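Structure first, commentary second.
The structure presented is a predicted model; accordingly, all values stated were derived computationally and were not measured.
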Amino acid sequence: MKICVIGSCGHMGQIVTGIGQDKGYEMVGIDPNDPQSLSFEGTFDGDVIIDFSSAKVLDKTIDFATRLQKPLVVAVTGYNEEIKIKLEEASLQIPIFISANFSLGVHRLKKMIQYAQAISDQVDIEIIDVHHNRKVDAPSGTAKELAEVLGGNIPTSSLRIGTVVGDHTVVFGYDQERIEITHRAQSREIFAHGALNAAVFLSQQKAGQYGMDDLFKGENT
């Protein structure tokens with residue numbers, strides 16, 4: 001399999017490229033900071049595109065993927081409604097996999113909080129989202145996805161401190177007691193492995209939008 005990584009010189013871009021090579025994939029990249037990388041104006045003769053760049057670059061990535069009719073894995077967060085609509089339109093032509101978080105643990109966290117909410121009456125729910133001090137968007141894309149799972153409009157507190165990879169806690173507050181369900185990412189490699197698994201899955205799909213539920217469909221996760 002041949003994979004093009006958008007943002008290949010960034011922190012996550014380098015990690016996913018390295019892990020992909022270890023898995024035996026041919027990895028190439030597009031990055032404005034690397035003059036030797038591929039170009040959005042050029043071509044890519046591989047199988048799948050993974051975007052780990054930024055919301056500012058995603059518009060170009062969508063155009064690149066649709067022009068070449070290549071499956072696209074979107075691992076970017078913080079993009080606006082206009083880009084969301086553009087992704088929906090592009091998914092009519094190519095398969096697109098979208099997730100704010102590619103870890104198995106967060107996928108399971110969503111299932112757990114859905115269950116906790118379903119069995120709860122008279123409960124206050126809030127989300128705490130903690131990331132490293134270089135992360136731009138707040139709340140994180142993962143925090144927004146957790147809120148959507150719970151029906152939206154869930155109060156969220158965001159901390160941007162130190163070198164935290166990513167912690168997400170959902171707090172259920174009852175009368176005189178509370179339950180906290182937390183996922184802590186201990187390495188960025190989990191996101192790279194997840195994105196590569198999504199790429200393999202997506203290479204076998206027809207046009208449409210896909211997510212983590214599709215990747216784990218049929219599994220007891």
Side-chain angles (χ1 to χ4, degrees), residues 1-40 44 46-62 64-65 70-80 83 87 96-107 109 129-146 158-168 183-203 210-212 215:
M1 176 172 284
K2 187 174 182 179
I3 300 173
C4 178
V5 179
I6 312 299
S8 54
C9 291
H11 197 162
M12 277 306 307
Q14 294 181 60
I15 293 173
V16 75
T17 296
I19 292 177
Q21 290 171 339
D22 290 343
K23 289 177 176 288
Y25 304 145
E26 182 179 354
M27 307 295 291
V28 297
I30 292 180
D31 197 295
N33 297 317
D34 181 8
Q36 295 183 330
S37 72
L38 301 179
S39 166
F40 281 117
F44 164 61
D47 302 289
V48 186
I49 298 166
I50 300 177
D51 193 338
F52 260 115
S53 60
S54 70
K56 294 184 291 185
V57 178
L58 184 53
D59 187 53
K60 290 184 179 180
T61 301
I62 299 169
F64 180 67
K70 299 294 183 182
L72 171 62
V73 176
V74 178
V76 174
T77 61
Y79 50 85
N80 58 30
I83 293 296
L87 284 168
I96 297 180
F97 192 107
I98 303 173
S99 181
N101 192 304
F102 283 85
S103 79
L104 172 61
V106 166
H107 175 72
L109 173 64
D129 137 49
V130 187
H131 283 84
H132 54 85
N133 55 22
R134 293 176 289 104
K135 185 169 180 61
V136 177
D137 53 320
S140 67
T142 301
K144 291 178 181 178
E145 283 193 351
L146 295 175
S158 298
L159 300 177
R160 299 293 176 260
I161 53 175
T163 58
V164 179
V165 174
D167 294 351
H168 294 89
H183 175 269
R184 302 187 193 280
Q186 297 174 302
S187 168
R188 288 180 175 81
E189 291 186 2
I190 60 173
F191 309 131
H193 282 291
L196 289 166
N197 289 339
V200 173
F201 164 83
L202 201 63
S203 68
Y210 301 88
M212 296 297 280
L215 185 61

What's the shortest heavy-atom distance between Leu72 and Leu202, and which atoms? O-CD2, 3.3 Å
Output a table of donor-acceptor pairs, distance under 3.5 Å, between side-chain atoms of residues 73-80 and any protein atom two or more places apart or on a different chain; print 'none' if there are none.
| residue | atom | partner | partner atom | Å |
| --- | --- | --- | --- | --- |
| Thr77 | OG1 | Asp137 | OD2 | 2.9 |
| Asn80 | OD1 | Glu82 | N | 3.2 |
| Asn80 | OD1 | Ile83 | N | 2.9 |

In this structure, CE of Met1 is separated from OG of Ser203 (nearest 0.5 Å) by 3.5 Å
How close do Leu109 and His183 get, heavy atom to heavy atom, and via which atoms? CD2-CB, 3.9 Å
In chain order, what residues pass the side chain to side chain contact (heavy atoms under 4.5 Å, CB included) check against Leu159, with sequence neighbours excluded? Val130
Mind listing the side-chain donor-acceptor pairs of residues 97-106 below 3.5 Å, one per line with the distance, residues two or more places apart or on another chain?
| residue | atom | partner | partner atom | Å |
| --- | --- | --- | --- | --- |
| Ser99 | OG | Asn101 | N | 3.2 |
| Ser99 | OG | Asn101 | O | 2.7 |
| Asn101 | OD1 | Ser103 | N | 2.9 |
| Asn101 | OD1 | Ser103 | OG | 2.9 |
| Asn101 | ND2 | Thr142 | OG1 | 3.2 |
| Ser103 | OG | Val106 | N | 3.1 |

Check: residues 48-60 side-chain donor-acceptor pairs under 3.5 Å, at least two apart:
| residue | atom | partner | partner atom | Å |
| --- | --- | --- | --- | --- |
| Asp51 | OD1 | Ser53 | N | 2.8 |
| Asp51 | OD1 | Ser53 | OG | 2.4 |
| Asp51 | OD2 | Ser53 | OG | 3.4 |
| Asp51 | OD2 | Thr61 | OG1 | 2.6 |
| Ser54 | OG | Lys56 | N | 3.4 |
| Asp59 | OD1 | Lys86 | NZ | 2.5 |

Can you tell me how far the NE2 atom of His168 sits from the OG atom of Ser140, to the nearest 0.5 Å? 3.0 Å
Test of understanding: with salt bridge (charged side-chain N to carboxylate O under 4.0 Å, His left out), list the residues that count as partners of Arg188, not counting sequence neighbours. none
Taking side-chain hydrogen bond (donor to acceptor under 3.5 Å, both in side chains) as the definition, give me every residue that meets it alongside Ser39, ordered by chain and number, with sequence neighbours left out. Glu41
By salt bridge (charged side-chain N to carboxylate O under 4.0 Å, His left out), which residues pair with Asp129, not counting sequence neighbours? Arg160
Interatomic distance, Asp22 atom CG to Thr17 atom OG1 [nearest 0.5 angstrom]: 11.0 Å
Contacts table for residues 24-37: side-chain donor-acceptor under 3.5 angstrom, sequence neighbours left out:
| residue | atom | partner | partner atom | Å |
| --- | --- | --- | --- | --- |
| Asp31 | OD1 | Asn33 | N | 2.8 |
| Asp31 | OD1 | Asn33 | ND2 | 3.3 |
| Asp31 | OD2 | Ser8 | N | 3.3 |
| Asp31 | OD2 | Cys9 | N | 2.9 |
| Asp34 | OD1 | Gln36 | N | 3.0 |
| Ser37 | OG | Asp31 | N | 3.2 |
| Ser37 | OG | Asp31 | O | 3.2 |
| Ser37 | OG | Asp34 | O | 2.9 |

Salt-bridged, Arg184 to Asp167, with N to O below 4.0 Å? yes
Can you measure from CZ (Phe191) to CD1 (Ile15) and round to the nearest 0.5 angstrom? 9.5 Å
Once ring-ring contact (aromatic ring centres under 6.0 Å, His included) is applied, do any residues pair with Tyr210, and if so which ones, sequence neighbours excluded? Phe201
For Phe44, check ring-ring contact (aromatic ring centres under 6.0 Å, His included) against everything at least two apart and list the hits. none
The reported gap from CD in Gln21 to CD1 in Ile19 (rounded to nearest 0.5 angstrom) is 10.5 Å
Holding to side-chain hydrogen bond (donor to acceptor under 3.5 Å, both in side chains), I want the full list of residues that pass it with Gln14, two or more places apart in sequence or in another chain. none
If you look at every heavy atom in Ile3 and Ala199, which pair is closest and at what distance? CD1-CB, 4.3 Å
Calculate, to the nearest 0.5 Å, the distance between atoms NE2 and CD1 belonging to His132 and Ile161 respectively. 12.0 Å
